[in-house]
There are 2 protein chains.
Amino acid sequence: MAFMKEYVDILRQHGIQPTPQRLAIAAAVLHSAEHPTADDVYEEAREYSTVLSRATVYNTLNLFVEKGLLRMQILKEGTAVFDPNIERHHHFIDDDDGTIIDIPWGWLSVRGRERLAEFDIREMQVVVRGRRKK
Amino acid sequence: MAFMKEYVDILRQHGIQPTPQRLAIAAAVLHSAEHPTADDVYEEAREYSTVLSRATVYNTLNLFVEKGLLRMQILKEGTAVFDPNIERHHHFIDDDDGTIIDIPWGWLSVRGRERLAEFDIREMQVVVRGRRKK
DNA sequence: TCAAGGTTTAGACAAAGTCCAGGAACAGGC
DNA sequence: GCCTGTTCCTGGACTTTGTCTAAACCTTGA
């Protein structure tokens with residue numbers, strides 16, 4: 001799998017030892033626009049024909065989050081999703097099918113932050129729910 | 001439990017037949033400022049010395065949501081929380097202990113909604129994460 | 001009194017995620 | 001090359017959150 005070379009570099013740059021399992025997971029999640037769940041990643045990474053367990057998927061996704069390769073987002077009921085877009089941005093979630101769509105940071109601006117002086121803010125995002133127009 | 005009278009009226013006004021279980025659950029959740037989980041509600045409602053099962057708590061909370069008495073919010077990993085504040089508002093979640101705090105709608109304003117023309121928006125809120133200052 | 005709805009229950013089940021002990025793989029030093 | 005210690009991966013047990021189902025338990029009204 002020659003195209004994996006790219007992921008070897010990315011992992012090394014983030015201080016992560018590349019292994020076949022981690023590369024398969026990286027390939028499944030890092031360029032995804034679909035905000036996959038851990039189970040989605042498990043299914044896709046297994047297609048890259050590597051021996052892979054569920055526990056490793058969870059361990060690795062958490063490692064990627066810790067090392068700044070991914071963000072975990074709490075947007076769906078019952079399950080976390082992983083987002084390779086680590087720039088700040090907002091989210092839209094479709095009520096019908098749960099599809100999550102990134103909204104660029106610049107599209108929306110939040111005024112009134114100065115009223116939140118009692119908090120040390122780590123992140124802030126607008127969460128929009130509804131339906132995509134057909 | 002005379003103070004339950006108040007809840008009898010609230011349930012009736014929302015087209016819900018009052019029962020001892022529903023009243024215990026109403027008392028546990030409707031005036032809470034703590035964004036309880038289903039399990040929190042189960043624990044508290046049982047203190048009102050009613051026979052009560054987990055299934056009834058889930059059924060009843062979902063019924064309350066459907067009838068507009070509560071909102072379900074997806075803010076914590078792994079579990080839904082229930083919010084008796086049905087006015088629109090924003091949320092702050094403390095990274096340390098998971099405490100959820102309501103932010104009044106008027107404190108923040110979101111500009112740029114016109115860029116979301118591709119969506120039929122049902123609700124929109126700002127989600128802020130970080131730490132409370134000591 | 002009886003039937004029909006509506007309500008509650010225990011327990012089975014499913015899904016998401018964590019934890020653990022054992023084994024495999026691998027890097028560095030000789 | 002060959003140890004040795006560390007890192008990594010695995011299956012399976014376990015926990016938590018939530019749903020489902022069949023049976024039982026009210027009410028209510030005829």
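Just so we're on the same page: letters track the sequence lines, and every chain starts at 1.
- The two atoms that bring A/N85 and A/D83 nearest to each other are N-OD1, 2.9 Å, heavy atoms only.
- Of the listed nucleotides (C/dT18, C/dG17, D/dT10), D/dT10 has the atom at the smallest distance from the side chain of A/N59.
- Atom P of nucleotide C/dT7 and atom CD of B/E66 are separated by 11 Å, given to the nearest angstrom.
- Comparing D/dC9, C/dA27, C/dT7 by their closest approach to the side chain of B/Q17 singles out C/dT7.
- Following rounding to the nearest Å, A/K76 (NZ) and C/dG17 (P) show an atom-to-atom distance of 11 Å.
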- Message: For a side-chain hydrogen bond (donor to acceptor under 3.5 Å, both in side chains) check, start with the C-alpha distance between A/D97 and A/T99, then their side-chain angles and the critical distance, and finish with the verdict.
- Response: CA-CA 6 Å; A/D97 57 10; A/T99 302; 2.8 Å; yes
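- Two residues are said to be in side-chain contact when any heavy atoms from C-beta on lie closer than 4.5 Å; A/L116 and B/W107 meet this criterion.
- Nucleotides of DNA chain C nearest to B/I16 and B/R54 differ in position, and the one nearer the 5' end is that of B/I16.
- With D/dC8, C/dT7, C/dG17 as the choices, the nucleotide that has an atom nearest any side-chain atom of A/Y58 turns out to be C/dG17.
- Rounded to whole Å, the distance from CZ on A/R12 to C1' on D/dT7 is 15 Å.
- Rounded to an integer number of Å, the gap from CZ of B/F82 to P of D/dT17 is 12 Å.
- If B/A55 and B/E77 are placed on DNA chain C by their nearest nucleotide, the residue sitting closer to the 5' end is B/A55.
- If you check every strand for non-hydrogen atoms under 4.0 Å, B/T56 touches a base.
- As a whole-Å value, the separation of A/R22 CZ from C/dA25 P is 15 Å.
- In this pair, B/F119 and A/F92 present their aromatic rings parallel. The plane angle is below 30°, not in the 30 to 60° band.
- The OH-P distance, from B/Y42 to D/dT17, rounds to 13 Å in whole Å.
- When each of C/dT7, D/dC9, C/dT9 is scored by its nearest atom to the side-chain atoms of A/T19, the top-ranked nucleotide is D/dC9.
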